[in-house]
Structures are given as C-alpha cells and as structure tokens.
Number of protein chains: 2
Amino acid sequence: MKNRADSMLADLKRAGLKLTPQRIAIVREIADDLTHPTAQALFERLRTTFPTMSFATVYNTLDALAGCGLMGKLALGPDSRAVRFDPNTEVHHHAVCDGCGSVVDIPVETDEPAVLPLAATLKGFRVLREERTYRGLCDRCSRS
Amino acid sequence: MKNRADSMLADLKRAGLKLTPQRIAIVREIADDLTHPTAQALFERLRTTFPTMSFATVYNTLDALAGCGLMGKLALGPDSRAVRFDPNTEVHHHAVCDGCGSVVDIPVETDEPAVLPLAATLKGFRVLREERTYRGLCDRCSRS
DNA sequence: TTGCAACTTGGAATCGTTCTTACTAAAGTG
DNA sequence: CACTTTAGTAAGAACGATTCCAAGTTGCAA
C-alpha cells in the first residue's frame, strides 16, 4: 500500500465512485490530517489550490467516504456545532480540550476491555458501538 | 424535597434568577422528562398551554438551567443536529438507537471504575470528564 | 469515441440556534 | 408610594452549518 490517500481513492473506486479531480484533491487534503477538520476548514484550504471547488462537493465527497467506512463523522459537543471529519478508521476515542477545542485521538489501550464486548446488551438495548469523549485541558491549555 | 420541578425552581431562585411564569412552565415541562427533548419539541408542547411562549425564552431558560448545573446539554451525533436537554444531573451515559433515534440514560455501574479517575492524564491531556455514547438498537427497533 | 449516469457548481432553501429591539414586570431606593 | 434600575419576554431578523436543486460537465465502460 502506498499511502492513506491512495488507498482511500482505490477504495472509493472499488465502491463504484468516479475519481474526479475534486475528489482526489479532497481525499489528499484530509487523508493524513489528524486535526479532525470541519467541512468549512477543508473547503477554505482546498479553495486556495482549487478555486472552483464548491461546498456541496466537499460535503458530498466526505459523506461518500463516510458511507464507505473510510471516514468518521464526529459531533463533539453542543457548543461546536459543526461536524468534524476523522480519517482514522481504527477503533479509538477522542479527547476534546475545553480551552481551545482541539481534538486528539486516543487509541484503545490493549489492556482495556476492547471498547465493549460487541453487541452486548444493556437494559434491553443492543449495543453495537461505543463512543467515548474525554473532556478536559490539553497540554498547552493546562499550562497557560 | 417535594419534586424535581420544585427543587429546580428553588435552585434557580437561589442562583439569583426570577421565577417568571414562563420559567415555571418550562421547568415543569422538562423536569421529569426522560426523553431528552430538543428545544423545538419543548416549545411545541409548551405552546399548547402557553400560547405566547417564545423560542428565545425556551432557549434562555434551558441555558440558564444548564449554567446552574441543573440541566445537561447533549450533542448526540452528526445526523441529529439539534441539541438535546437532559434534566438528569446524576453521572450517567447515554444509549442512542440507530433506528428511531431515541435516547436512554445508562447509569454508571457501581462495579466499573467510576467513569474515570478524575483528572487522570492521557497523553499530556488532563481529563476532567468522560462522556460515553452507546449506539445500537433499542428493544423495539431490534425486534422489528 | 461515444453515451450517459454520475458528478460538479452556485445559489437558494432549510434547520437549529442566537441576536436585536422594543416592551413589560419586578425589585430596590428614598 | 413614585422613581429608577434591572431582568425578562416576544417577535422576528440574522446567523452558521448543511442540504437541496437545476443546469451544465465529465469519467469511464463498452
């Protein structure tokens, strides 16, 4: 495998989607981005090198990626209402800084109970997935 | 203590806020509501018995309650964009049904590590709070 | 190379929420 | 009890994020 962007593009194609210049640009922009950007942020960045890029295309492509399981969509709190996109498809959690709003991935420790015994049942509720958000202060914000 | 609504009203007053008829109506409407309603849903319900009620007042009151720690605000997923309000101030988690979108409270089991050793440190991140969302299918949806 | 379903664009529409303005009611002051 | 200050409300405009739409364009299978 070459890199994350190329592998995502290959998967997109495999799913029957066309590899347009716009999609290629979008995928390259986010594939290795660990900051969990919003669609708006991506759009701004893309517009500098791809001036005709439209909002709808950014959203469409990100949703297509999400639909293929190549991208996560995050709603990280009632205050930051914009959806954030996460190219990390490993099982993991998130830490959100109350100070600056930054988001970092938290890998699942190998010694903890694998996020959840999948399809466990909780009060008549069939649990398929568990999401955790740790809130607090990032290194930088807890100093200042 | 009489009931949840009265105790919330007392706390509101103690916080220096006036007990207006609007606030009393809003608090009574949500105090014992376990469905995590949106501001819109509450507004619709209130409007039937309090026709002059305005959106701004609903939001103001819910935010005031949240500011006093009497109400939680939830962003439960990228698909349901509306903020949901939760009068349950106990430490607990949430289970969200992929089918119907319903939300139920999940109490923290006494045998699990108290949500998190408070202020634990994670990769240089000072953790103050942990939120968990279990996703899957509710009893009703997993049958049909 | 061609044909067409899939795609892109730009702007309008929508949704949930916040803001603004003017009005009203309550609480403090003398 | 009049007077002032302050807090709260109503209605709708404004806002930010996202989705929809109509019209034009293009990747790619055959």
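So that the names make sense, note that chain A is the first sequence line, chain B the second, and so on, each numbered from 1. Since the structure is predicted, the reported quantities are computational estimates derived from the model, not experimental observations. Side chains included, hydrogens not; waters and symmetry mates left out as well; all remaining heavy atoms used.
- Atom CG of B:Leu62 and atom C1' of C:dT18 are 14 Å apart (whole Å).
- Residues passing the salt bridge (Lys or Arg N to Asp or Glu O under 4.0 Å) test with A:Asp33, sequence neighbours excluded: A:Arg45.
- Judged as a salt bridge (Lys or Arg N to Asp or Glu O under 4.0 Å), and not counting sequence neighbours, A:Arg140 has no contacts.
- Checked by atom type and distance alone, the side chain of A:Ser142 pairs as donor or acceptor with a backbone atom of A:Asp139 at under 3.5 Å.
- In this structure, the CG atom of B:Leu19 is 14 Å from the C1' atom of C:dA25, given to the nearest Å.
- Here C:dG16 presents its P atom at 15 Å from CG of B:Leu76, a figure rounded to the nearest Å.
- Residues forming a ring pair (Phe, Tyr, Trp, His ring centres under 6.0 Å) with B:Phe43 (at least two apart in sequence, or on another chain): B:Phe55.
- Using five terminal pairs a side, the axes of the helix from C:dT1-D:dA30 to C:dG30-D:dC1 at its two ends make an angle of 30°, given in steps of 10 degrees.
- For the atom pair CZ (A:Arg28) and CG (A:Leu46), the distance works out to 12.0 Å, reported to the nearest 0.5 Å.
- The hydrophobic clustering, which links ILVMFWY residues whose side-chain heavy atoms are closer than 4.5 Å, places B:Phe85 and A:Leu76 apart.
- By the ring pair (Phe, Tyr, Trp, His ring centres under 6.0 Å) test, A:His36 is found to be paired with A:His94, residues two or more places apart in sequence or in another chain being considered.
- Here C:dC7 presents its P atom at 14 Å from CG of A:Leu9, a figure rounded to the nearest Å.
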- Quick one: what's the B/S/- string for nucleotides 4-19 of chain D, heavy-atom cutoff under 4.0 Å, read 5' to 3'? --BSSSBB-----SBB

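- When each of B:Leu9, B:Leu65, B:Leu62 is checked for a side chain to side chain contact (heavy atoms under 4.5 Å, CB included) with B:Leu70, only B:Leu65 meets the rule.
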